[in-house]
Amino acid sequence: MSVLRAEGWLKDQHESVLRQIESRGRLRSYQAKTLVFLKGKSLTHYFFVVKGLVAVYRQNSEGKRWIASLIGEGTFFPHIGFDRPSAVYPANAETLTECTFLIVHRKDMVCLMREYPSLQEHLTQFLSEKNQELMTRCSDSLLESAAHRLAQLLKQLALQSEAQAEDGWYLISDTLTEENMADYIGVTQETVSRIMSRFYQGNKVKRVGRKKIYVNPEQLDR
DNA sequence: CCATTAATTGGCA
DNA sequence: TGCCAATTAATGG
């Protein structure tokens, strides 16, 4: 039954609300690197991430892409279209890992918002936070170095996973490839690799195999 | 063990 | 920094 937990975006929501959302959605699993929706297509569904990680991105005609936002467990996407029946998806979305979503029709989502004011309020707050994040990322892209942007991303992932912290080190496991990070901060994967090498040498980041990345947020700030 | 995919490195624009 | 090429390393059957 309860696949949605009161964590992440749904934190502080009553159990009854979670169940209502669940009752109006259907579960579906996707393999890694699967397209979820395309930019410009009619916005018919919202996706709650029960498991996995998704990239919402735009791409130019030459194939270069920019990840506008990373969607992890406990939140949903896209973040627009609640007000307009004719809304279209604002970007493409692709699973970076194997994923499980609770998929809800746009219309049902709108009804839920109306029926549960707490959800509506939550959404407003959530959107304003996202707005701030986006502004910061955009200004960082123009004002800060690539190393700084990568550091911000790693810290965000570290604190977000918040699972395994030990003496200042956080584990980020099995999520982003360096290519994903590159698409997120707007550089090539070679550049990410070189910056990562500097982080290893500066004891800001450690790596075990290809999958486990340990981050030390404090060292990263120096 | 092999095939595939990811990460690293050097050279040059 | 980006782009290309070559190489090495890890991962998943």
Side-chain angles (χ1 to χ4, degrees), chain A residues 27-39 47 49-73 77 91-101 133-166 168-222:
Chain A
L27 280 176
R28 183 173 164 189
S29 293
Y30 289 69
Q31 290 189 311
K33 297 184 180 178
T34 305
L35 208 48
V36 181
F37 56 67
L38 279 172
K39 173 176 180 292
F47 302 78
V49 180
V50 175
K51 174 173 160 292
L53 187 67
V54 181
V56 175
Y57 67 97
R58 289 196 176 192
Q59 195 167 36
N60 71 10
S61 55
E62 295 173 335
K64 285 183 186 173
R65 51 193 227 171
W66 176 66
I67 295 177
S69 91
L70 290 167
I71 314 293
E73 295 172 13
F77 65 100
N92 307 309
E94 179 185 303
T95 58
L96 295 183
T97 66
E98 184 177 47
C99 287
T100 300
F101 302 141
E133 288 175 18
L134 196 56
M135 186 185 294
T136 299
R137 280 190 63 205
C138 284
S139 65
D140 279 0
S141 290
L142 296 171
L143 305 174
E144 305 290 348
S145 68
H148 178 270
R149 301 201 298 276
L150 182 55
Q152 293 302 314
L153 171 58
L154 291 174
K155 277 190 285 182
Q156 178 197 322
L157 292 172
L159 300 178
Q160 176 180 311
S161 75
E162 77 172 311
Q164 308 175 36
E166 39 182 270
W169 290 91
Y170 289 76
L171 171 64
I172 302 173
S173 66
D174 191 23
T175 53
L176 296 184
T177 62
E178 293 190 350
E179 183 179 12
N180 295 151
M181 299 179 209
D183 289 343
Y184 189 83
I185 67 176
V187 296
T188 61
Q189 61 248 65
E190 291 97 323
T191 296
V192 167
S193 178
R194 289 179 165 118
I195 295 173
M196 287 295 275
S197 293
R198 297 215 305 274
F199 285 170
Y200 301 147
Q201 293 179 343
N203 258 307
K204 300 161 188 258
V205 178
K206 290 179 184 174
R207 193 153 203 173
V208 177
R210 208 151 22 203
K211 291 191 146 185
K212 293 183 177 179
I213 299 177
Y214 290 89
V215 176
N216 190 323
E218 295 187 14
Q219 291 297 315
L220 225 36
D221 279 326
R222 305 188 180 187

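Below, chains carry the letters A, B, ... as their sequence lines are ordered, and counting in each starts from 1. Below, each value reflects all heavy atoms present in this structure, side chains not excepted, and no hydrogens, waters or symmetry copies.
dT11(C) atom P lies 18 Å from atom CD of Glu179(A), rounded to whole Å. Atom-to-atom, CD1 of Ile185(A) to P of dT1(C) comes out at 8 Å; the value is rounded to the nearest Å. Between the C1' atom of dG12(C) and the CD atom of Gln31(A) lies a distance of 14 Å, rounded to the nearest Å. Atom CD1 of Ile213(A) and atom P of dA9(C) are 18 Å apart (whole Å). In this structure, the CZ atom of Arg207(A) is 10 Å from the C1' atom of dA10(C), given to the nearest Å. Between the C1' atom of dT5(B) and the NZ atom of Lys33(A) lies a distance of 7 Å, rounded to the nearest Å. Atom CE of Met196(A) is separated from atom P of dA10(C) by 14 Å (rounded to the nearest Å). To the nearest angstrom, P of dA6(B) lies 10 Å from CD of Gln189(A).
Judged by distance alone, with hydrogens and angles left aside, Glu190(A) brings a side-chain donor or acceptor within reach of the base of dC4(C), the pair sitting under 3.5 Å. Residue side chain Arg194(A) does not reach the base of dG2(C) through any donor-acceptor N/O pair under 3.5 Å, judged by distance alone. Judged by distance alone with a 3.5 Å cut-off, no donor-acceptor contact links the side chain of Arg210(A) to the base of dA7(B).
Centroid-to-centroid, the aromatic rings of Phe101(A) and Tyr30(A) come within less than 6.0 Å.
At the phosphate of dT5(B), neither OP1 nor OP2 sits under 4.0 Å from any side-chain N or O atom of Thr177(A). Taking side-chain N and O atoms only, Thr191(A) has a distance below 4.0 Å to OP1 or OP2 of dG2(C). An OP1 or OP2 oxygen of dA7(B) is reached within less than 4.0 angstrom by no side-chain nitrogen or oxygen of Ser193(A). Proximity of Lys212(A) to the phosphate of dA10(C): no side-chain N or O atom is located under 4.0 Å from OP1 or OP2. Proximity of Lys64(A) to the phosphate of dC3(C): a side-chain N or O atom is located under 4.0 Å from OP1 or OP2.
The pair Arg58(A)-Glu94(A) does not meet the salt-bridge criterion, since no charged nitrogen lies less than 4.0 angstrom from a carboxylate oxygen. Ion pair Asp221(A)/Lys204(A) not flagged as a salt bridge, since none of the NZ, NE, NH1 or NH2 atoms sits closer than 4.0 Å to an Asp/Glu carboxylate oxygen.
Around the NZ atom of Lys51(A), the shell of radius 6.0 Å holds more than 12 heavy atoms that belong to other residues, nucleotides or ligands. Atom CD of Glu98(A) has 12 or fewer neighbouring heavy atoms from other residues, nucleotides or ligands inside a 6.0 Å radius.
Comparing dG2(C), dA6(B), dT8(B) by their nearest atom to the side chain of Val187(A) picks out dG2(C). Nearest nucleotide to the side chain of Glu178(A), out of dA6(B), dT8(B), dC3(C): dT8(B).
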